[in-house]
Structures are given as C-alpha cells and as structure tokens.
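Working notes, beginning with the structure itself.
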Amino acid sequence: MVDLKDVPSQSGQQPPVRKALPPFEGLRAFDAIARLGGVRKAAKWLDRDHAVLSRHLRTLEDWVGVTLVERVPTGLVLTEAGKDYHKSISTALDTVAHATLDLLNQGMHHQLLIWSTPGFAQQWLSRRLASLERVNKDVEIELKPSVTPPDFLSHEANVDIRYWASYEELEDLPPNMRSQVIAQSPIIPVASPEYLEDKPEITTPAELLNHQLLHENTTRTWEIWLTSLGVDCGNGLRGPLLWQGNLTSDASRHGSGIALSNPLIASKHLERGDLVWIGKDNPAFPLRLGNYVLIARRDRWDEPSLRKFRVWLTNTIAKDTPEYKPAP
C-alpha cells in the first residue's frame, strides 16, 4: 500500500482552503432547486423535507453572502449571481457524482443493464433471453425498452442498442464511447391488407403522401425517408403521433394507416400476412438501409459480461437472421 506521505506534492494539488468550500448540503440543495425549478420538486427528488432544503439554501446564501435565489409570485428564480454560480458548481457536482459512480461500479460484473429501442427489445431480444442467460451465467440481466438513450456516465446502462438510418446525418459519438453495427435492415413502409384493399395502388413513394401516415414522436422519420427518395414533403406531414415504433406497427396491423418499420423486427407479421411490404421489388422504391448499433463506454467495452453479450449478439444474428448480418 502506498503511504500518502511518500507521494510528492504537486503544484495545484493542495486541498482548497476551508473558507472556499461551503457546506455540501447547501450546495446540493441549491443545485437541485436550480435544476428542478423549485424547493418542493427538489425536496421530492432528494427525498428531503422542503423546509430542510429551504434551510440549507439559506445557510449557503449566508455563507457566500450573496442572494442566489429570489422568491417571486410564480415561484423561485435564480439571480444573475446564482445563474453564474450554478453554471460552475453543477459541472463540478456532476464530475464528483460520475467519479463516485465509476468507483462504486468497479468490478460490478454480475449485472448487465441493456437499453434498447422498444421494437428490437420486444421483437428480437426478449425472445432470446434464455439463450443469452445460458451464455452469461451468474449475471443478472435487465432489459429496458426506451425511445431515448441512457446516461452512461450515471451508469443507467452498460449497453444501448439504437436504430439509425444510414442516410441520416448523425453526430459523432463522444470520445469516451464506442459503437459497433450489429445488424443492417432496410427501412420499409408497411400496412395491413385490409387498409390497402380499398385504397389506390401505391406505385411510387410520392403517392404515399395521399395516405394516412403513422408517426412516432415526430414526423421527422417519415420526412427524412421520403426526402431520401426524392419526395418533396412540402410544408410537412400530417398523421397521428404514436411515440413508439411498436405502436405505429401495431396500428398499421389494425388498418389505421402506413408505418415505417424494418423486416428484422416485422418478419413475423410479414410472413403471416398481417403486414404488407409496400414497394417490395419495385425499382421506384430503392432500399434505404438502417443500422442497429450497439453503444457502450469505451472503458467498459471488454468487461466480461459486456464482451460475452457482444459476441452472443453478433453470432445469434448471423445464425438466426443471416440476411441482416452487417456487411464486413
């Protein structure tokens, strides 16, 4: 064990002077109040009595000698000094929290927390959990369908699986993250035979604009897909917002309109005839590929449970659905 007395001191490594560090409970209370916009919301988040949080806030203001929060008829607002101070201390508190979580999670190999797009989680992953558990014995597996990615710094998940269109402009991953394409599947319009039965035949992508389009949380997915095929969406698209691909696919199976899906997760319904692949084998509908991408922290990439999951995932996709294996 290293004796701390033997560690050479470095410039700038001395502890801060005591009078420069206010009470931590005051900082924590102020940070929560500033982020959540009120004492009661912050108290609920921190599981504290709101009167206690108010007292911590007053203690902090007395300590620094500056008013950080103003009470107004509509609630609380940060003063200009409060805004500047919170901008600095919130970053520092996040750093402390993330470093602490990293420390607490060192050696935590018995849990595998998987986040995924709802469709892939329900239609592909959940059906193969028994196989995954056999590969990752003694590992507690948690699968969470989510339309939003996790906060990896807060250890919400070990791994996340998202579906990105190959023609979509995407931001680069942060340098502390790593990704791997695990499957490729075209993005396709689908509808029930009942819906299409009494509708005009769809021979070009532009003719889809005359139909009921089913959207997730925005119309953007349809707009980008149609634009990639040369269709002018004009002033935007209409149609119900159903928030998740699972819901749009389910609604399309029940005759409510046309949804965008992909055959990897819709294969069962396409084979049974519950859904029809609109434009299949039609040159006017060139394929637009989407990638299922596995994302994880770079420093956790080769942890045993995550490495086994990655190997199992790529092998199982190649075995069960080889047509969607990513190109080398």
Side-chain angles (χ1 to χ4, degrees), residues 32 35-36 44-47 90 93-164 170-185 216-217 243-247 262 264-265 290-321 324 326:
R35 295 191 197 217
L36 299 175
K44 184 177 181 180
W45 177 264
L46 295 174
D47 195 22
S90 62
L93 288 174
D94 283 343
T95 300
V96 171
H98 294 151
T100 303
L101 287 170
D102 284 347
L103 185 63
L104 290 171
N105 281 273
Q106 281 186 2
M108 296 287 287
H109 304 310
H110 65 277
Q111 279 189 321
L112 184 59
L113 309 178
I114 305 166
W115 283 33
S116 169
T117 55
F120 190 75
Q122 179 180 341
Q123 303 295 335
W124 199 93
L125 266 176
S126 64
R127 299 177 183 181
R128 295 167 172 83
L129 278 181
S131 170
L132 175 57
E133 289 176 321
R134 285 194 296 271
V135 171
N136 252 320
K137 294 179 180 178
D138 302 321
V139 173
E140 180 183 336
I141 296 172
E142 179 180 319
L143 174 60
K144 179 176 179 178
S146 174
V147 295
T148 58
D151 181 354
F152 281 102
L153 291 177
S154 296
H155 294 269
E156 285 187 327
N158 303 109
V159 61
D160 184 38
I161 298 172
R162 298 288 121 193
Y163 187 63
W164 293 338
L170 300 170
E171 295 182 3
D172 292 334
L173 283 176
N176 64 321
M177 305 302 296
R178 187 170 173 180
S179 66
Q180 173 185 341
V181 176
I182 57 170
Q184 288 183 317
S185 180
E216 297 181 28
N217 56 327
W243 283 85
Q244 288 188 12
N246 274 353
L247 294 179
N262 75 78
L264 178 63
I265 63 172
N291 297 325
Y292 278 104
V293 182
L294 180 150
I295 306 165
R297 285 175 49 152
R298 187 174 293 275
D299 60 345
R300 302 297 174 95
W301 190 257
D302 288 315
E303 286 188 346
S305 60
L306 180 52
R307 184 176 65 252
K308 289 180 181 179
F309 175 63
R310 289 191 288 107
V311 172
W312 170 84
L313 192 57
T314 53
N315 288 343
T316 305
I317 287 174
K319 177 188 173 201
D320 292 358
T321 51
Y324 305 120

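Because the structure is predicted, anything quoted here is derived from the model rather than measured.
Residues satisfying the side-chain hydrogen bond (donor to acceptor under 3.5 Å, both in side chains) criterion with Asn217, sequence neighbours excluded, are absent altogether. With sequence neighbours excluded, the residues satisfying side-chain contact (heavy atoms from CB on, under 4.5 Å) with Lys308 are Val135, Asn136. Partners of Glu216 by side-chain hydrogen bond (donor to acceptor under 3.5 Å, both in side chains), not counting sequence neighbours: none found. Applying the side-chain contact (heavy atoms from CB on, under 4.5 Å) rule to Leu247 yields the partners Leu242, Gln244; only residues at least two apart in sequence or on another chain are considered. Qualifying side-chain hydrogen bond (donor to acceptor under 3.5 Å, both in side chains) partners for Asp160, counting only residues two or more places apart in sequence or in other chains: Arg162. Residues that satisfy the ring pair (Phe, Tyr, Trp, His ring centres under 6.0 Å) test with Tyr324, not counting sequence neighbours, are absent from this structure. The side-chain hydrogen bond (donor to acceptor under 3.5 Å, both in side chains) test applied to Ser131 returns Trp312, not counting sequence neighbours.
With values rounded to the nearest 0.5 angstrom, Leu143 atom CG is found 6.0 Å from Ile114 atom CD1. Rounded to the nearest 0.5 angstrom, Leu306 CG and Glu303 CD are separated by 7.0 Å. Taken from CD1 in Ile161 to OH in Tyr292, the straight-line distance is 9.5 Å, to the nearest 0.5 Å.
Side-chain atoms of Arg297 never come within 3.5 Å of backbone atoms of His155 as a donor-acceptor pair (strictly under, hydrogens ignored). Judged purely by atom type and a 3.5 angstrom limit, Thr314 uses its side chain to pair as donor or acceptor with the backbone of Val311. Within the 3.5 Å criterion, the main-chain N or O of Asn262 finds no donor-acceptor partner in the side chain of Tyr163. A donor-acceptor pair under 3.5 Å is formed between the side chain of Ser146 and the backbone N or O of Thr148.
The two residues Ile182 and Ile317 have their closest heavy-atom pair at O-CD1, 3.3 Å. The minimum heavy-atom distance between Pro118 and Asn246, with the atom names listed, is O-ND2, 3.6 Å. Met177 and Phe152 make their closest contact through CE-CD1, 3.2 Å (heavy atoms, listed as atom of the first residue, atom of the second, distance).
Counting heavy atoms from C-beta on, the side chains of Trp115 and Ile295 never come closer than 4.5 Å. Side-chain atoms of Val139 and Phe309, non-hydrogen and from C-beta on, never get closer than 4.5 Å to each other. Contact of the Arg35 side chain with the Ser90 side chain is registered, since non-hydrogen atoms from C-beta on lie closer than 4.5 Å. Counting only heavy atoms from C-beta outward, the side chains of Trp124 and Thr316 approach each other to under 4.5 Å.
Within the structure, the side chain to side chain donor-acceptor pair (under 3.5 Å) test picks out the following pairs touching residues 173-184 (sequence neighbours left out): Gln184-Asn291. Under the salt bridge (Lys or Arg N to Asp or Glu O under 4.0 Å) criterion, the residue pairs touching residues 116-130 are Arg128-Asp320, with sequence neighbours excluded.
No option in Leu125, Leu113, Leu132 other than Leu132 meets the side chain to side chain contact (heavy atoms under 4.5 Å, CB included) test with Ile141. Checking Asp138, Asn158, Leu112 one by one against Ser305, the side chain to side chain contact (heavy atoms under 4.5 Å, CB included) holds for a single residue, Leu112.
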